[in-house]
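In what follows, a single structure is set out as structure tokens and then discussed.
Just so you know, these numbers come straight off a predicted model, no measurement behind them. Residues: numbered from 1 along the sequence shown.
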Amino acid sequence: RSIPNPYVVRPADANEVTAAWSIALSRVDGPTALVLTRQNLPSCDDTGIDAGAERGAYVVEREEGGEADVLLLATGSEVATCRAAAELLRAKGRGARVVSMPCWEAFETQPQSYQDEVLPPSVTRRLAVEAGVPFGWERYTGSEGAVHGINRFGASAPAGVLAEKFGLTPEAVAAAAETQVGAWESAPARGCAPPSPVCIRGSPGTPGPGKDTLHKFDPGDPQRSEARRLGTECRSRVSPAPHKKNTPHPFPAPPPPTHN
């Protein structure tokens, strides 16, 4: 996703694989990468080309009546996890919309009206779920959304064990969504803007999976960067390393230029 020009397609099931091939074969102005999974995933009747997968993103689970309380965004195998999490949220009276986004690049070529139909601008409570680094999702979650991802190398174990350890189960995703919605609802009462956390399982410097760090950043800081975004204000079960101000550069300054 960080390489310019390729389309990256990460299907959620067999029907989306068909859409992925359609995207790849119809594109003539650049390469397309199909990122498939080895997991056994359920195939749903409401996914694939006819449902809108070829457009890069589409709604696979819609809220019941009124506006959604939270949007759950995902690609690949995480879509099934989000769909199960949405069921848990609905059981608690939360209106959850699940959006499958197999190809960001194809989605961004769609008319703005379609993009707003899939991701309503009025719903700013958004949680993206990624079994990997959260890089790139902030363009869709916005300053009031969150990313539930992994910011470390993975581990070797059965898929179900890894999902449990890294917090990628329906229960963990539903809990993260509840936290995000609750934080947004309580923010106006405190007289401040809603927080914008990035939920990361297994933060840098921790010895193993299953340790949470909730990172927040100030969206008004003009000098923020992705690294600063993930490292400024932290609340964690694992204490992050203290930030040292005015740390000298590890390399000496280059010598002044000489003129012959």
Side-chain angles (χ1 to χ4, degrees), residues 1 57 59 61 63 67-79 81-86 88-90 92 94-101 104 118-152 163 166-188 190 192-204 206 209-221 224-238 240:
R1 290 172 180 166
V59 179
E61 292 278 347
E63 65 280 5
E67 189 173 74
D69 292 316
V70 63
L71 304 184
L72 300 178
L73 318 178
T75 67
S77 58
E78 290 86 277
V79 172
T81 302
C82 285
R83 298 188 74 158
L88 298 176
L89 291 169
R90 280 193 284 269
K92 296 181 179 180
R94 296 288 192 188
R97 172 182 291 197
V98 179
V99 178
S100 176
M101 305 187 70
W104 296 356
V118 175
L119 303 176
S122 59
V123 183
T124 57
R125 301 168 298 282
R126 303 176 180 186
L127 180 71
V129 180
E130 176 83 28
V133 294
F135 171 77
W137 277 110
E138 67 278 355
R139 78 182 74 171
Y140 302 116
T141 59
S143 62
E144 296 176 13
V147 183
H148 191 71
I150 302 172
N151 200 36
R152 51 148 287 168
F166 283 105
L168 292 169
T169 62
E171 293 78 13
V173 171
E178 283 270 39
T179 298
Q180 178 68 3
V181 174
W184 194 95
E185 290 176 342
S186 62
R190 299 196 303 269
C192 61
S196 47
V198 178
C199 310
I200 299 173
R201 301 289 297 193
S203 58
T206 57
K211 300 191 176 181
D212 300 336
T213 304
L214 183 65
H215 295 272
K216 297 189 291 184
F217 66 93
D218 177 10
D221 182 356
R224 71 184 185 273
S225 65
E226 186 66 19
R228 186 172 182 180
R229 222 180 273 190
L230 299 178
T232 48
E233 192 180 327
C234 301
R235 175 171 57 82
S236 171
R237 295 205 313 254
V238 180

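- Scanning for side chain to side chain contact (heavy atoms under 4.5 Å, CB included) contacts around Ala163 gives Leu168, Thr169, with sequence neighbours left out.
- The shortest distance between side-chain heavy atoms of Glu67 and Ser122 falls below 4.5 Å.
- Residues that satisfy the salt bridge (Lys or Arg N to Asp or Glu O under 4.0 Å) test with Arg97, not counting sequence neighbours, are Glu63.
- Partner of Leu127 under the side chain to side chain contact (heavy atoms under 4.5 Å, CB included) criterion, out of Thr179, Thr141, Val173: Val173 alone.
- In this structure the side chain of Leu119 reaches within 4.5 angstrom of the side chain of Arg126, judged on heavy atoms.
- Contact record, Leu72 with Cys82: CD1-O, 3.6 Å, taken as the closest heavy-atom pair.
- In terms of the side chain to side chain contact (heavy atoms under 4.5 Å, CB included) criterion, residue partners of Leu88 (sequence neighbours excluded) are, by chain and number, Pro170, Glu171, Ala174.
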Under 3.5 Å, side-chain donor or acceptor atoms of residues 128-136 against the rest of the protein: list the pairs with distances, not counting sequence neighbours.
{"unit_1": "Glu130", "atom_1": "OE1", "unit_2": "Arg1", "atom_2": "NH1", "d": "3.3"}
{"unit_1": "Glu130", "atom_1": "OE1", "unit_2": "Trp137", "atom_2": "NE1", "d": "2.8"}

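- The CD atom of Gln180 sits 8.5 Å away from atom OG1 of Thr124, with the distance rounded to the nearest 0.5 Å.
- Taking each heavy atom of His148 and Ala176 in turn, the nearest pair found is ND1-CB, 4.0 Å.
- By the side chain to side chain contact (heavy atoms under 4.5 Å, CB included) test, Glu178 is found to be paired with Leu89, Lys92, Arg94, residues two or more places apart in sequence or in another chain being considered.
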Chi angles and distances behind the side chain to side chain contact (heavy atoms under 4.5 Å, CB included) call for Tyr140, Leu71: CA-CA 10 Å; Tyr140 302 116; Leu71 304 184; over 6 Å; no

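- Note: Glu61 CD to Ser100 OG = 11.0 Å, rounded to the nearest 0.5 Å.
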